[in-house]
Structures are given as structure tokens and as C-alpha cells.
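Right, one structure below, let's go through it.
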Protein chains: 2
Amino acid sequence: MSRKPLAIGTLSHLIGYHLRRASGAFALDFHEAMAGTGMRQVLLGILAIVEANPGVNQGAVGTALGIKRANMVALINELVDAGLLARAVAPDDRRAFSLTLTSVGRERLTECTARIEAHEARMLDQFTNAERQTLIALLARIEARKP
Amino acid sequence: MSRKPLAIGTLSHLIGYHLRRASGAFALDFHEAMAGTGMRQVLLGILAIVEANPGVNQGAVGTALGIKRANMVALINELVDAGLLARAVAPDDRRAFSLTLTSVGRERLTECTARIEAHEARMLDQFTNAERQTLIALLARIEARKP
DNA sequence: TATTGTTATACTCTATAACTATA
DNA sequence: TATAGTTATAGAGTATAACAATA
């Protein structure tokens with residue numbers, strides 16, 4: 001017995017609401033796409049940043065992804081324990097950790113990237129390339145707001 | 001000592017990543033905008049749905065917002081305890097609860113809606129009306145994907 | 001003094017399974 | 001049997017404060 005969808009009232013014209021719902025839909029499908037890999041959105045985000053910036057400091061990765069220092073610790077431990085990330089004292093600053101991908105980490109990232117591409121293609125199969133570019137450009141302007 | 005922003009590598013062309021970041025930026029500013037009201041995104045979402053559908057069932061609200069039945073219980077309790085929501089046994093189905101806003105709930109929603117409008121205006125001050133419409137339309141198509 | 005990473009902690013959101021009462 | 005709401009519980013994300021080592 002299916003019921004007709006409810007009116008969402010004031011929410012309908014709020015960008016924040018639609019962002020929340022769309023982001024949630026992506027997160028759900030992402031989670032399914034990663035089944036069996038043990039990887040999550042945050043962890044892949046970290047691996048991607050380290051791949052693009054080999055030797056980067058732990059704190060800088062957190063800043064780039066909007067993750068607080070205190071919360072980075074457990075995440076990095078998880079990736080190091082899984083053998084995906086190598087952590088070394090930074091040569092120029094003995095307080096800091098310099099992060100690099102291990103070869104296993106590189107492989108894992110490649111496998112997962114393939115899954116992510118499929119997931120994105122599935123979620124956006126009704127979108128033209130122009131629409132995707134438009135969407136990314138609009139979202140990037142929102143992110144660019146100073147925190 | 002500010003450092004230059006890192007390269008985000010593969011993430012840059014992923015809609016899912018940008019949705020996550022943009023949604024997070026909105027959530028953060030929303031949270032600040034609600035300081036002192038005790039209201040959160042989910043709670044306002046519920047109030048807005050009930051306002052638009054007086055007498056609606058608890059479960060239907062959850063379905064509309066993507067909240068699991070089990071998680072609705074505490075949220076509705078919170079709103080009822082705060083005197084914002086009235087919960088009555090549904091006249092046509094004694095298993096279900098029929099929800100309506102109290103007068104206090106209506107006032108609270110009005111106050112918060114004003115804050116939310118200001119928050120949206122602040123987040124989107126660089127966007128034209130056309131761009132906002134485009135963004136909402138694109139996001140709505142993502143949400144529309146069957147769960 | 002300020003910064004990097006750490007620990008401890010708490011709150012919110014989300015997910016699952018088993019229960020009750022009604023239908 | 002199926003559905004509406006409930007309880008209990010666990011995992012994940014996020015926030016703050018206080019600390020050690022280093023700058």
C-alpha cells in the first residue's frame with residue numbers, strides 16, 4: 001500500500017535542504033559501491049589527497065578535507081594499520097608526520113577509484129556532461145566560502 | 001603561517017565529493033545560524049513537513065525525510081517534550097500517530113525560518129536567482145533517484 | 001608562545017534486530 | 001501476515017578541552 005509523496009513545504013526552495021538530500025543519496029550509493037573493500041568516503045578522501053601530495057603533513061590533509069586534527073588521528077592509524085599509508089617523521093619538522101601511499105595503498109586506491117567512477121556514472125546517468133560541469137562549478141563556489 | 005591549499009587530485013571531478021563539501025559548509029553555517037534556538041537541521045525538517053501536512057503520520061514524515069522509523073521516535077519525543085509538536089492517536093488507525101504543530105511550534109518554526117532565509121542568503125550571496133534555480137533543479141534530479 | 005599530533009570525551013546521525021499493538 | 005511505533009544497541013562523524021613534544 002504505497003502512499004502519495006508528502007508536500008515538503010518551505011523546504012522546497014532551500015538549497016541547504018536539497019544539498020543535504022542529494023549528498024545523502026550519493027553517500028548511500030557510495031557506501032554500497034564500496035561493499036567488501038572496507039573503505040569509506042573519508043578514508044578514500046585521505047588517500048586521494050596523499051596521492052596528489054606525496055609527503056604531505058597529517059594536519060594539512062585534515063585542513064584540506066575539513067577534518068579536525070583530533071579526528072585525523074584515528075583515521076590515519078586505521079590507514080597505517082591497514083598498510084595503505086606510510087607515516088614518517090617530517091624531515092623539516094619533527095613534530096609533524098609526512099604521509100605517503102604504500103604500493104598496497106596505491107593499488108587499493110586504483111581499485112576503489114574504478115568503483116567510484118561506476119558509482120558516479122550510475123548516479124548521473126541522466127545528466128549531460130555540460131550539466132555535470134555546471135553542477136561542479138556551482139558546488140565549488142559554495143565550498144569556496146571562507147570557514 | 002598559512003600554507004597554500006593542497007591539490008585534491010582525483011576528487012576534483014567527483015560530484016559526490018563536491019556535494020559532500022558543499023553540504024557540509026551549509027550544515028556548519030546552518031548550525032551557527034540556529035545558535036541559541038536549540039533547533040537542528042533534522043528537527044526543522046520535521047516541523048516543516050508537519051506544517052505542510054497537518055495530521056500527517058510519524059512514519060510518513062520519516063519516509064519523506066529519509067529517516068528510519070526507529071530513529072524517528074527520539075526526534076518526535078524531543079519535539080513533543082519541547083511543546084512544539086502535538087502527537088495524537090490517528091483517528092483511522094490506532095497504531096499510528098497523527099502529528100500537528102502546536103502554536104508554540106508554529107512560532108518557533110517562523111522564527112527559525114527567518115534565520116534560515118538569512119543563512120541561505122548569506123551562503124548564496126554570489127549567486128543569481130537563475131543560478132539558484134539551476135542548482136535546485138539539478139539537485140532535485142539526484143534526489144529523485146529511486147532508493 | 002604557537003603549532004603538531006595525541007588522548008579523552010560527548011553528542012548527533014544512522015543502521016539493524018527484536019518486540020508490542022493493532023490492522 | 002503485515003504495518004506503526006518502540007526499545008536496545010552499535011558504528012560512524014564531528015566537536016571541545018587539555019596535554020606532550022617541538023618550533
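Note on naming: letters A, B, ... go to the chains in the order of the sequence lines (proteins, then strands), and numbering restarts at 1 for each one.
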Distance test, side-chain N/O of A:R40 to OP1/OP2 of D:dG13, below 4.0 Å |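 Yes.
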Short side-chain N/O contact to C:dT12 OP1/OP2 from B:Q41, under 4.0 Å |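 No, because none of the side-chain N or O atoms of B:Q41 sits under 4.0 Å from OP1 or OP2 of C:dT12.
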Please determine, by modelled atom types, if B:E117 and A:H13 share a side-chain donor-acceptor pair under 3.5 angstrom.
->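 Their side chains do contain a donor-acceptor pair, which is all the 3.5 Å distance test asks for.
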Taking atom types as modelled, is there a side-chain donor on B:Q41 or A:R20 under 3.5 Å from an acceptor on the other?
->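 Short answer, yes.
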Name the residue closer to the 5' end of DNA chain C, choosing between A:A96 and A:N77 according to the nucleotide with the nearest heavy atom.
->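 It is A:A96 whose nearest nucleotide is closer to the 5' end.
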Toward the 5' end of DNA chain C, which comes first, B:E78 or B:K68, by nearest nucleotide?
->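 The 5'-side residue here is B:E78.
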Interatomic distance, [X] [atom1] vs [N] [atom2] [rounded to whole Å]:
X     : N      : atom1 : atom2 : answer
B:R95 : D:dA2  : CZ    : P     : 13 Å
B:R87 : D:dA4  : CZ    : C1'   : 13 Å
A:L75 : C:dG5  : CG    : P     : 14 Å
B:D92 : D:dG5  : CG    : P     : 11 Å
B:R94 : D:dG5  : CZ    : C1'   : 15 Å
A:L65 : D:dG13 : CG    : P     : 12 Å
B:N71 : C:dT16 : CG    : C1'   : 10 Å
B:F30 : C:dT12 : CZ    : P     : 15 Å

Using a heavy-atom cut-off of under 4.0 Å over every strand shown, decide if B:R69 touches base, sugar-phosphate, or nothing.
->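 Counting heavy atoms under 4.0 Å across all strands, the contact made by B:R69 includes a base.
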Which is true for B:A70 with a 4.0 Å heavy-atom rule: it touches a base, it touches only sugar-phosphate, or it touches nothing?
->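 Touches a base.
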Donor-acceptor pair present, B:N57 side chain and D:dA4 base, under 3.5 Å =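 No such pair is found, so the answer is no.
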Indicate, yes or no, whether a donor-acceptor pair under 3.5 Å links the base of D:dA4 to the side chain of B:D93.
->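 A donor-acceptor contact between them is absent.
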With DNA chain D as reference, determine whether B:G59 or A:G66 sits nearer its 5' end, using the nearest nucleotide of each.
->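 Final value for this comparison: B:G59.
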For A:L85 and A:T102, what are the C-alpha separation, side-chain angles and deciding distance, and is it a side chain to side chain contact (heavy atoms under 4.5 Å, CB included)?
-> CA-CA 5 Å; A:L85 221 55; A:T102 63; 5.7 Å; no
Between A:E32 and A:R115, is there a side-chain N and carboxylate O pair less than 4.0 Å apart?
->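 The answer is no: the pair does not qualify as a salt bridge.
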Less than 4.0 Å between a side-chain N and a carboxylate O, is that true for B:E131 and A:R141?
->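 Yes.
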